[in-house]
**Q** 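Below you will find the structure I want to go over with you.
For the numbers below, each heavy atom of this structure counts, side chains included, while hydrogens, waters and symmetry mates do not. All values reported here derive from a predicted model rather than from experimental measurement.
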Amino acid sequence: MSVDIKTEGFSEFSKELMDLANKKFPKDTKNFLQRAGNKFKSKAKENYKKGTTQGTKNLIKGLKRDRAYKYGHDEWQVRVKNTAPHAWLVEHGHVMLGHKDQGKPKLIVANTGEAFVRGKNIMGKTTKEFPSEYQSMAEEFIDKMLDEKGLG
C-alpha cells in the first residue's frame with residue numbers, strides 16, 4: 001500500500017525550506033522521515049488494536065518500517081508495511097470456505113453460499129488520519145533546522 005501525503009497546508013516558503021533541508025542536510029532529512037515512519041507505525045498499531053477484536057498479536061508484530069531511501073531523482077520515501085501472512089485477509093476481506101453461517105452479518109457469495117468477511121482497511125484509515133500529524137512534524141523539523149543549522 002502506497003501512501004502519498006499531500007502537503008496542501010504547507011506554504012510555498014515551507015516547501016522551499018523542506019527542499020533546501022533535503023539538499024543541504026540529507027542525513028537529517030532521512031532521520032526525520034524515519035521518525036515519521038515510526039509515528040505512522042505506532043498509529044497503525046493503535047488502529048489494529050481498535051479495529052480488530054481478536055488475534056491482533058501477530059498482526060501487530062508484523063508491522064515493519066523500512067529505511068528511508070531516495071526514490072527517483074529527488075524524492076525520499078519510507079515504507080510501513082505489515083508482513084504478517086494473514087494481514088491482507090484482514091485488510092481486504094476474504095471468503096470463509098467451509099463456514100456457511102457464523103451468526104455475524106456477512107455477505108454471501110452468490111453461487112456457493114459461502115460467507116464473505118469484509119476487510120477492515122485499517123492501513124487505509126491510518127493513511128487518512130496521518131497527514132495532519134505529518135504536517136505538524138514537518139513544521140517542527142523546519143523550525144529545528146532553522147534554529148540549529150541556520151537554514152536559509
**Q** Please enumerate all residues that pass side-chain contact (heavy atoms from CB on, under 4.5 Å) together with Thr52, with sequence neighbours excluded.
**A** Thr56, Leu59, Val90, Lys120, Ile122
**Q** Taking side-chain contact (heavy atoms from CB on, under 4.5 Å) as the definition, give me every residue that meets it alongside Lys39, ordered by chain and number, with sequence neighbours left out.
**A** Ser42, Phe130, Glu133, Met137
**Q** Can any side-chain N or O of Glu91 pair as donor or acceptor with the backbone N or O of Met123 at less than 3.5 Å?
**A** yes
**Q** At what distance, to the nearest 0.5 angstrom, does CG of Asn82 lie from CH2 of Trp88?
**A** 13.5 Å
**Q** Test of understanding: with salt bridge (Lys or Arg N to Asp or Glu O under 4.0 Å), list the residues that count as partners of Lys30, not counting sequence neighbours.
**A** none
**Q** Atom NZ of Lys144 and atom CD of Glu139: how far apart are they, to the nearest 0.5 Å?
**A** 15.5 Å
**Q** Surrounding OH of Tyr71 (heavy atoms of other residues, nucleotides or ligands, distance under 6.0 Å), is the total greater than 12?
**A** no
**Q** Using the ring-ring contact (aromatic ring centres under 6.0 Å, His included) criterion, which residues pair with Tyr48? Sequence neighbours excluded.
**A** none
**Q** Evaluate the side-chain proximity of Lys64 to Val80: yes if any heavy-atom separation is below 4.5 Å, no if none is.
**A** no
**Q** How far does NZ of Lys43 sit from OG1 of Thr126, to the nearest 0.5 angstrom?
**A** 8.5 Å
**Q** Quick check: are there more than 12 heavy atoms from other residues, nucleotides or ligands sitting under 6.0 Å from NZ of Lys61?
**A** no
**Q** Rounded to the nearest 0.5 Å, how far apart are CD of Glu129 and CD of Glu46?
**A** 8.5 Å
**Q** So, Gln77 side chain and Tyr69 main chain: donor-acceptor pair closer than 3.5 Å or not?
**A** no
**Q** Quick one: pull up CD in Gln34 and OG1 in Thr29 and give me the separation to the nearest 0.5 Å.
**A** 11.5 Å
**Q** Is the centre of the Tyr134 ring less than 6.0 Å from the centre of the Phe32 ring?
**A** yes
**Q** Where do Asn58 and Ala84 come nearest, in terms of heavy atoms and distance?
**A** O-CB, 3.7 Å
**Q** Asp66: which residues meet the side-chain contact (heavy atoms from CB on, under 4.5 Å) condition with it, sequence neighbours left out?
**A** Arg79, Lys81
**Q** Can you name the side-chain contact (heavy atoms from CB on, under 4.5 Å) partners of Lys50, sequence neighbours left out?
**A** Asn47
